[in-house]
Structures are given as structure tokens and as C-alpha cells.
Number of protein chains: 2
Amino acid sequence: MYRDLSERKKKILGAIINAHIQFGEPVGSKYLSQNEDMSCSPATIRNEMAELEALGYLEQPHTSAGRVPSELGYRFYVDSLVERYSMTTKEIEEIDRSLQRKLSEVDQILSEASKLASSFTNYTGIAVKPRLPRTVISRYESIYIDGRSFVLVMLFPDGQAKTKTMHLGFPISRVELSQLTDALNDKMTGITSDRITFTLLSELERAVPSISSIISPVAKAIYETMTDSDGGDVKIDGVDNLLDYPEYSDVSSVRHLLGMFDRKDEILSLISAKDDDKVNVYIGKENSVDIMNNSALVYRTIKRDGNVVGAIGVIGPCRMDYSKVISTIERLASGIDSMLNPKDDDLKGER
Amino acid sequence: MYRDLSERKKKILGAIINAHIQFGEPVGSKYLSQNEDMSCSPATIRNEMAELEALGYLEQPHTSAGRVPSELGYRFYVDSLVERYSMTTKEIEEIDRSLQRKLSEVDQILSEASKLASSFTNYTGIAVKPRLPRTVISRYESIYIDGRSFVLVMLFPDGQAKTKTMHLGFPISRVELSQLTDALNDKMTGITSDRITFTLLSELERAVPSISSIISPVAKAIYETMTDSDGGDVKIDGVDNLLDYPEYSDVSSVRHLLGMFDRKDEILSLISAKDDDKVNVYIGKENSVDIMNNSALVYRTIKRDGNVVGAIGVIGPCRMDYSKVISTIERLASGIDSMLNPKDDDLKGER
DNA sequence: TGTTAGCACTCTTTGGCTTTGAGTGCTAAC
DNA sequence: GTTAGCACTCAAAGCCAAAGAGTGCTAACA
């Protein structure tokens, strides 16, 4: 697709995008010939630029302005020109150090990752926990607290656990509690939330006749837990970073972006769609999220035991320092990956 | 303090604030005499306005503009003039219905409340979970999963429970696990996180010599859990609502506000400071959070069993529809309160 | 045939200028 | 104490000209 570009065109296109990323303003022929050692005159560059514009890689805000990369141009740049930003040892150390403060739960890791992504890149960081396929509970345990309350522990197949503290209006004995637990383990394991039916509840009530009135609130708690963990979540940090960039100096553009953050579902589905192991870049309207008018999204998914458990990324203007952002996300994501999938040492850390 | 204002001054001040809230622009004498049936001429009103300005209730952006309420003016308005907004049955129903979708955990209730506050008022909703006083764990339980992993359940004095799933690099037996649990219950209950010392860990290791290498990761998990739940949290929703108001049409003012949202700590400490049962209103610089330059904060705390577990509120421009906002927050908060503190029915719902 | 210099042309940006209009403060009359 | 009248102030809007940046085109050149 990009075969038809001569080396010189590529060089010019790359130089324009670099300059535009740096200064945020349209780039003119004179600037290029002077500062980017093009070894040809402005006039020649103008000719090339005119052709690049005809091919769709460049755009002109108005007649007497320089050229600005189009979304196609950025795409080309990201795909082929971008040289990997080589991080300084200091930067690498800083990222690694930040990750050291190893947080235990996936949720927390992601939420922290969003902050890190934001602070290292100066764009807006996002972290996504995808909507999981329907969860089933594989085992129940209960912990007796006192005559009127107990903790219900629900274990999921992936080893996660959730708890609910139940307060009852009437006393319950340890024996009854263990009957209840047995009944739950007998009837309520391995099923999805939509299979919790009235029939099932009646069966349960029959299994523990002495405390049948407890079934309904317990079932409700279970149902809530199952449906809860279905939900995806999107964390966003550093929105105010964006306001430093002229593309968002207009309130309406900010509103666009903020509006998108409220429609987190779209981000969720966008990111959940693709789950390869590399950093992905969506530029402007390329993606279904049409609100991302003048913005780009760089992200990478996070896996654990081969399953996607989340993603981290960065949102910023199309004119983004891609090489730096990509490297940062790359390193953050792989750092998190290795935290979540520790090598088989003598003793693994907890999750 | 406000005794010295004549009835007519109060009326004029109130009319100015109402008009300014409605239109967002400085209010002139002519407008008042025409539209608010003042029964006196513009000139008279001008005299009164000049005095109100001298007293500090009004301000003039520049010589030839109308008057704008000062922060003191708003404060006066909120304290004495505001007539409680009477909600329509429809609005009340809608709030109640939204609250019906009763979410179980405090965290979720608050996060949902923030969305509700935002959508009912069209300002920015915030929900706060305060930094709790240092947490201690009152009891440990463990659930055996398989030879190499188990779930550690930690119970807090208030009945909450947290879990950590531990994956080990070596096998552990049920007996050893219960030894571990006993040791934890013996040595690690009732202490704050800063008292988990090396000495304590050594004692623990001595208590379970056969699996002493497990102590360190377990202790780490416990420490993390304890320090986690210390942390407060602030949820914010509907930031983009604000952009509809001209006060925030300037990017720098938006940045101010967004910056504040990143410094959630300040909001946290502000709200945690006062814990009475009524709706509080902070206007502009009244509060320590000096960033709230041109903004006001309306909130009310949420209690459970007499303890503050959070707060919900709204942030918007000083020029805010206080009567509506106050009623909305009032109703939301009391609705949540009653969800969290159910009447003693036969069977209480879970928490 | 590709490159370059030169030049006319376009179009935004900037600054200064005036006009407009809203709203005030003051004074004098009621 | 209230009101009408009037001069005054000042931001906002509109207008115009000048400046400046950058282009496209043409013609000369290698």
C-alpha cells in the first residue's frame, strides 16, 4: 500500500510529522529545507508536498498555511517510519521502580497503571478491565461470626474470591450454617446467573428447611456478586494533561473527549475486540468510536495465564509522540504481565 | 450578621442572585425594575445596589457592567434566602427508582451515587469514601483450594471481609494451613499495620516451623490489605456537564477544576472534616481548597451505624441552582442512609 | 527530466481604530 | 426618600489595513 512512495517522499512525510508533533503547527517547505537537511530546495519540497497531499497523506488547513499530516499520514508514520524511542536508563529505572510497588489485585494494578501511563507520557492514561464472560461460582464457604451474622465466601474458577457479610434478623447456629453451605455447594455451583431460577431456590429451601427464610437474601447476594464481576471497568487519569495541548484548547473538543470517557462502554468494546500481544494504535476515526475525532489511542492488553484481564493505554491528540508513548506502554504492559505471570520460582507471590 | 440589611435590600439581593443564576450574566438595575416587580425605579435600585456593593455582597466586573453576587452574597443567599426547591412527584419518583437498583457494597453505592448526583443536577457529581482510621484485622480464616493454593480471608471489626488468593510454589497440607490460620489469629489480630515488625514475623515463623517460608508472602498480603483499606477514594462523574456553563468556557478554568480532581486528597480532607447530618455548602474560597476558585461544593455525609462511611455531593459554578441541588443531595443522601441502615425488619438484607 | 529561483497570489493573524450600547453615579427636582 | 435626566466609563463588536507565511506556477538551468 505504501510501496508507491519514493524514499524522498517518505523522508519528507516523516520530517513533516516529526516537526508537527514537536511544534503542533503546520509545517512549511522553508522550514523543512532549512532544519531537516533535505538537500533540496524549498521549491522541490513543495512539489513533493503537493503530491503527498494528492495521495492523501497531508492536508492543508488553508491555502497559505503549511501542511499538516492527515490521519492516513499518521497511520503511515506509525506503521513504518516510527523509530522506537530508546528510553534513557533513568526512564527505564523509573518505570521499573514504580512497578515495584507491586499492588496485589488486578483491579489495583490496572488503576495504578493508568496513573503511571498518564504521568510518564503526559497524555491521558486509561486502564481497562474487560467485561468478563459470564462467571460461575465454583465453591462456597461460610465463616460464622456470631449468632446473627456470617461471611459468605464465593470462589471463582480462576481463583478469585469475593465475600459478602450477611446480617440476619434471627439467630443461626454453626450447624445450620454448614448445612446452608453444603446446600449451596450442592445446587448453586457451576451455574451462570441466569440459571438461578425460582425452582432452584425452592429446592434449596427444601434442603435447609429450618432456615429456609435465609435462602432468598443469600441468593440475592450471590446473584449480585455474579453479575457484578461481569462488569468491565475503565479507569482514566490525567485528563488535565490534555489541556496543555493546543488541540484541546477549544472547550468543545475537550467536551468531546470527556463525553467519551463517560461512554466507557465504547472504549471497553474497542479494546476488548482485539487481543494480540502488541501495542495497538488507533488514529482518529479509524475506529468505531467516532467521537475520537482528533485523538489517538495507544494501548496494549494485559494477559494472565493466557486470558486477557485488562489493558492499559494512553489517549492524546493525533499529534502524539508515538515513539515515546509506544515504548512506555510496551514497557509498562510487559512489566505488569510479568508481575501477573511470575516465573516459577520457589515461592510465587500472591495474586 | 445579616441583620443590617433592610427588607428591600434583601429582596434586591435575592433577585440579583436569582437572575444571575438563571442567565449567568451581570444584572443591571433596569432589568430588575422591569422584570422583578420591584415597585421602585431603576435609580432607587441603583442606590441600593451601590450600598450592597459597599457591604461586600455584590461586585462589579467593570464600571459599565451590572452587578454580580460576591461569594459573600452567595453565602447570604444560601443561608437565608434560598427557598427549598420543591421537587415534582416525578423527580422524587425518579430518584427513588434509581436508588431502588440497590447496590450492595458501600463502594458501589457511592460510585453510583456520584453518577446520580451528576445526572439529576447537571453539575459534576462526587462521591467520597473517607480515609478510615487505621484498620485492624479481627480474625483470619483460610480456605484450602488445592495443594498449592488457598484463600486467605481477613475479617475486620466492622464486619467487612477481604480475601487474598495465595499461590504457593510448594505443597501445603490442610493441617499446616490450619496451623497457619491459628498462628495468625494468635499473633496478627487487633494490631495496626505499623506494628507488623520483623520480631513479630520471626515469632510467627517459629509457630509454624514446617512452613515458615510461607510467612513472608502471607504477611505481605496482610499488610497490603490493611494499608489498602486505609485509603480513601473519590469518585467523580459528569465533568463534561460543567463545560456547558460559561464559567468554564475558558480552558484554564477547566484545568483548574480537573487539576483539583486529581488532587482528590484535598476533597477528601475537606469533606472528612465536618460530619454533621445536613447538607453543607462551600462557596468559592471559603474552604481551604483554594483551587475552587469560582466553584461551589454542596455535599452531605453518609452514615452507617453512626459512623461516616462516605459522602456524596455536587461541584459546580458558584452560580448554581442551590435550591434544586440541595434538595437533590438531601434526598439522595437520605435515601442511601436508609438503604445502609435498614429498619429492623424480620430479616435484614446483606450489606 | 528533474531541480531551482523568482514572483504573484491567497489567506490568516494582528493591531489599531471607531462605534455601539449597556450601565453606572451624580445632581437636581419632586 | 424617590425619581428623572444626563454625562461618563468601559467592554464588546466591527472594520480596515498591514504584515507575514506559504503556496503554485512559470521559466530558466543542469
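Note on naming: letters A, B, ... go to the chains in the order of the sequence lines (proteins, then strands), and numbering restarts at 1 for each one. The figures here come from the full heavy-atom set of this structure, side chains too, leaving out hydrogens, waters and symmetry mates.
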Q | Salt bridge B:K324-B:E91, side-chain N to carboxylate O under 4.0 Å | A | yes
Q: Report the base-pairing partner of C:dA29 (Watson-Crick or G-U wobble, both distances below 3.5 angstrom), or none.
A: D:dT2
Q) To the nearest Å, how far apart are A:I45 CD1 and C:dA5 P? A) 11 Å
Q. Which of these, A:V298, A:I236, A:I126, sits in a side chain to side chain contact (heavy atoms under 4.5 Å, CB included) with A:I315?
A. A:I126
Q.
Out of the candidates B:K10, B:K9, B:R67, only one should pair with B:E48 under the salt bridge (Lys or Arg N to Asp or Glu O under 4.0 Å) rule; please name it.
A. B:K9
Q. Are any of A:T44's side-chain N or O atoms less than 4.0 Å away from OP1 or OP2 of C:dT3?
A. no
Q | Base-contact (B) and sugar-phosphate-only (S) positions in nucleotides 22-29 of chain D, heavy-atom cut-off under 4.0 Å, - elsewhere | A | SBBB----
Q: Classify the angle between the aromatic ring planes of B:Y245 and B:Y123 as parallel (below 30°), tilted (30 to 60°) or perpendicular (above 60°).
A: parallel
Q) Using the ring of each side chain (for Trp, its six-membered ring), is A:Y282 parallel, tilted or perpendicular to A:Y299, with breaks at 30° and 60°? A) parallel
Q. Can you check the A:E25 CD to C:dC11 C1' distance for me, whole Å?
A. 16 Å
Q: Select from B:H62 and B:R8 the residue whose nearest nucleotide in DNA chain D is closer to the 5' end of that strand.
A: B:R8
Q.
Can you measure B:E48 atom CD to D:dG1 atom C1' for me and round it to whole angstrom units?
A. 10 Å
Q. In terms of side-chain heavy atoms, does A:T124 have a donor or acceptor partner in A:N241 at a distance below 3.5 Å?
A. no
